[in-house]
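Only one structure is covered here, and it is reproduced in the block below.
Numbering of ligands and ligand atoms starts at 1, following listing order. Hydrogens, waters and symmetry mates play no part in the numbers below; they use all other heavy atoms, side chains included.
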Amino acid sequence: MTPNASKRSGTIMRGIGVSPGVAIGPVMLLQPETVSVFDRPIEDKAVSSEIARFEEALIATRHQIREIQHTLRGQTHSHDASIFDAHLMVLDDRTFIDEIISGVRERKRNIEFVVQEGTEKYANVLAAVDDDYLRERVADVRDVGKRIIHNLLGRETDKRMELDKPHLVVARDLAPSETACLAGEQILGLATDLGSPTSHTAVMARALSIPAVVGLRKISTTVSVGDDILIDGNKGVLILNPTEEQLQTYDELAEARRSIEVSLKRLREERAVTQDGHVIMLSANIESEVEIPAVLEGGAQGVGLLRSEFMHLGQNRMLDEEEQASMYRRMAEALMPEPLIIRTLDIGGDKCFFDVQPFQEENPFLGLRSIRLCLRYPDYFRQQLRAILRASVVGNIRLMYPMICGLAELEQADTYLDEAKRELDAEGRDYDRSLQRGVMVEVPSAALIAPALAPKVDFFSIGTNDLIQYTLAVDRGNERVAYLYEPTHPAVLQLIRMTVDAAHANGIWAGVCGEMAAEPLMTPLLLGLGVDELSVNPRAVPLVKDAVRALTHDDTKVLAADALGGLSIKDIRARSRGLIESVAPELSDWLA
Ligand code: PEP
Ligand code: MG
């Protein structure tokens, strides 16, 4: 036990778990590196040499960033390496560079000061934008600005942290290049004051497979060197100087989780079939091509939801038709013969992308998002449809429109699809002439008119993340109303049932691709409601498969009928938990 262990022993703090797993160890406190930059006037004749120093520093900075990318690629963290593309874009931003050069010329101040001022100005503009994605770029801008100043001052950069023993890194926030320098075996996990699931710390931690908890608010000022901490990246919990009892509980928990996950690997080649022979299609949700190996390793039957907008967001630019077509094609070939369901662009709401949606709205979740945006400004949509069609020659691609609210939207979207087919015909390019296309049911109106939609499509995929938010009027990202966000609410269950019934009456299948599908606690209910497909994150595939294989369809039908017949939410959850625990006790730790 450490010298600090007696004070605040066992204090539990809650944040956001962004990378799963448990880590225990001593704290390494990463203080923000400060550089003192003085404001001093310069003479007229020094202006050109200050600008020349700036240009040299830009070259050195670009070189260092490329080096980091190169190192990461060599370590097979190729996805992390692309994060630094955003840094390179800052370095190539003409407005940023010109503003600094004219700052030196007009105001005759030293270059370090003008760079620091210019960086802050740039960062503040981004920070004020009501867009999570752009706000995340603030860290990139500051990181680049700091690096340029270091180079101007001739300071050493990218000192790799040499640790004699494994530590858990605690920081207010981590810049991407700091996280890259941390990569290595001595880093057990990360805990930060700031951050969100889309922050760089989260992205990098997941890619490096180290547990991480972000959004802990004051952790960097609460812990001191000499403290031990424990983080649980599944539950978003941090324990300061854990007691012997807590350590033992977590040791057992971590060991149990690990051994269950290992033993579930045996299910990789098995199908998701219930004890009484009812077959469920179990596929994976992914955001990019790098996740394809995880889909195959996890034993999913292809991809039930490719959130295609993330491929553009991840690159910080819109990919063109050619790039998209070859990416879709590579993914489809890797998954063959299992399907790749590509959801067309779903931008808006909390996924903002300035290039596509150059405006702000009061209520973005109720605004011009998703298919509405694509139909209003169809350029990118047309490009994507052509790319999907071109890649569809592989034979296992399916297309899915998000956020469909009514028949007219489906018809309009199909008009663009037909137009793209005609263009390809005229160009003599081939595509899958029986390409299946479906709609996501994620708005109550779509569920209510499911009998009218079903004859016009090949499948339904129920997006419960949005369906719950729109049915219960609960913003899915607002922690103040999170207690009202309830997948087992009878209204949600009714809408799922209506969608499934309409699908079956018309001979098509209905799946669920919202987070609800990834919770083993919900498996009995969804099976009982007649859902044919579950699409979940690759890590959850073995858990959900285990649940499906342990249940009997008849038992789940009884549960679903009772749930629709007026059971309280509390009772629905208790009955579902009881059912799963009786047939698959190994899953009890995953039954939130
Ligand atoms: C959903 O809404 O359930 C869904 C899968 O889409 P997203 O989470 O990307 O909005
Ligand atoms: Mg959605």
Side-chain angles (χ1 to χ4, degrees), residues 18 131-133 196-198 202 281-288 291 295 300 302-314 340-353 356-357 363-374 384 398-405 409 413 438-447 450 459-478 482 485-489 491-493 495-496 499-500 510-519 522 525-526 529 531 533-541 544:
V18 294
D131 175 337
D132 287 350
Y133 182 76
S196 70
T198 53
M281 175 88 177
L282 182 55
S283 45
N285 293 350
I286 60 169
E287 276 95 49
S288 74
E291 292 172 89
V295 174
V303 166
L305 167 66
L306 167 65
R307 290 181 162 102
S308 66
E309 61 281 357
F310 280 91
M311 305 196 327
H312 307 276
L313 291 168
L340 167 66
I341 302 185
I342 305 174
R343 171 174 80 184
T344 59
L345 284 177
D346 183 19
I347 286 175
D350 58 349
K351 286 176 287 196
C352 303
F353 203 6
V356 185
Q357 196 192 30
N363 285 307
F365 273 113
L366 299 180
L368 196 62
R369 70 169 284 212
S370 199
I371 195 75
R372 303 171 182 178
L373 185 70
C374 288
Q384 182 175 33
R398 294 171 189 171
L399 176 150
M400 174 158 87
Y401 302 126
M403 271 282 287
I404 292 288
C405 291
E409 271 171 345
V439 293
M440 285 190 73
V441 175
E442 42 188 353
V443 184
S445 62
F459 61 91
F460 284 148
S461 185
I462 306 173
T464 46
N465 300 342
D466 278 314
L467 186 64
I468 297 167
Q469 101 163 330
Y470 291 126
T471 305
L472 305 179
V474 176
D475 178 345
R476 64 193 255 193
N478 182 344
Y485 190 89
E486 182 48 63
T488 63
H489 191 293
V492 175
L493 301 183
L495 292 172
I496 296 176
T499 308
V500 170
V512 173
C513 62
E515 283 308 305
M516 181 180 183
E519 283 184 53
M522 300 296 149
L525 266 177
L526 294 177
L529 289 168
V531 165
E533 182 237 27
L534 298 171
S535 193
V536 307
N537 68 72
R539 247 186 108 112
V541 167
V544 175

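- In this structure the side chain of C405 reaches within 4.5 angstrom of the side chain of R372, judged on heavy atoms.
- Between I341 and V303 there is no side-chain heavy-atom pair separated by less than 4.5 Å.
- The minimum distance between the Mg ion (ligand 2) and any N, O or S atom of D466 involves atom OD2.
- Ligand 1 places these atoms under 4.0 Å from at least one heavy atom of G463: 1 (C), 2 (O), 3 (O).
- A 4.5 Å side-chain heavy-atom check between L399 and T344 finds at least one atom pair inside the cut-off.
- Ligand 1 lies out of reach of E515, whose nearest heavy atom is not under 4.0 Å from it.
- Ligand-side atoms of ligand 1 in range of L305: 5 (C), range being under 4.0 angstrom from any heavy atom.
- At a heavy-atom distance under 4.0 Å, no atom of N285 approaches ligand 1.
- Looking at L373 and L345, their side chains never come closer than 4.5 Å, going by heavy atoms from C-beta outward.
- Remark: ligand 1 and E309 share no N or O pair separated by less than 3.5 Å (distance only, no angle test).
- The N, O or S atom of E442 with the smallest distance to the Mg ion (ligand 2) is OE1.
- Remark: minimum distance from atom 6 (O) of ligand 1 to any protein heavy atom is reached at R343 NH1, 3.0 Å.
- Inclusion of T464 in the set of residues having an N or O under 3.5 Å from an N or O of ligand 1 is warranted.
- Looking at I286 and P538, their side chains come closer than 4.5 Å, going by heavy atoms from C-beta outward.
- Residue-level proximity to ligand 1 for M440 is carried by the side chain, the only part with a heavy atom below 4.0 angstrom.
- A heavy-atom distance below 4.5 Å is not found between the side chains of I347 and S370.
- Among the candidates M311, R343, E287, M400, the single residue satisfying the side-chain contact (heavy atoms from CB on, under 4.5 Å) test with L306 is M311.
- With E309 contributing its side chain and D346 its backbone, the two residues share a donor-acceptor pair below 3.5 Å.
- From the protein, the heavy atom lying nearest to atom 9 (O) of ligand 1 is R307 NE, 2.8 Å.
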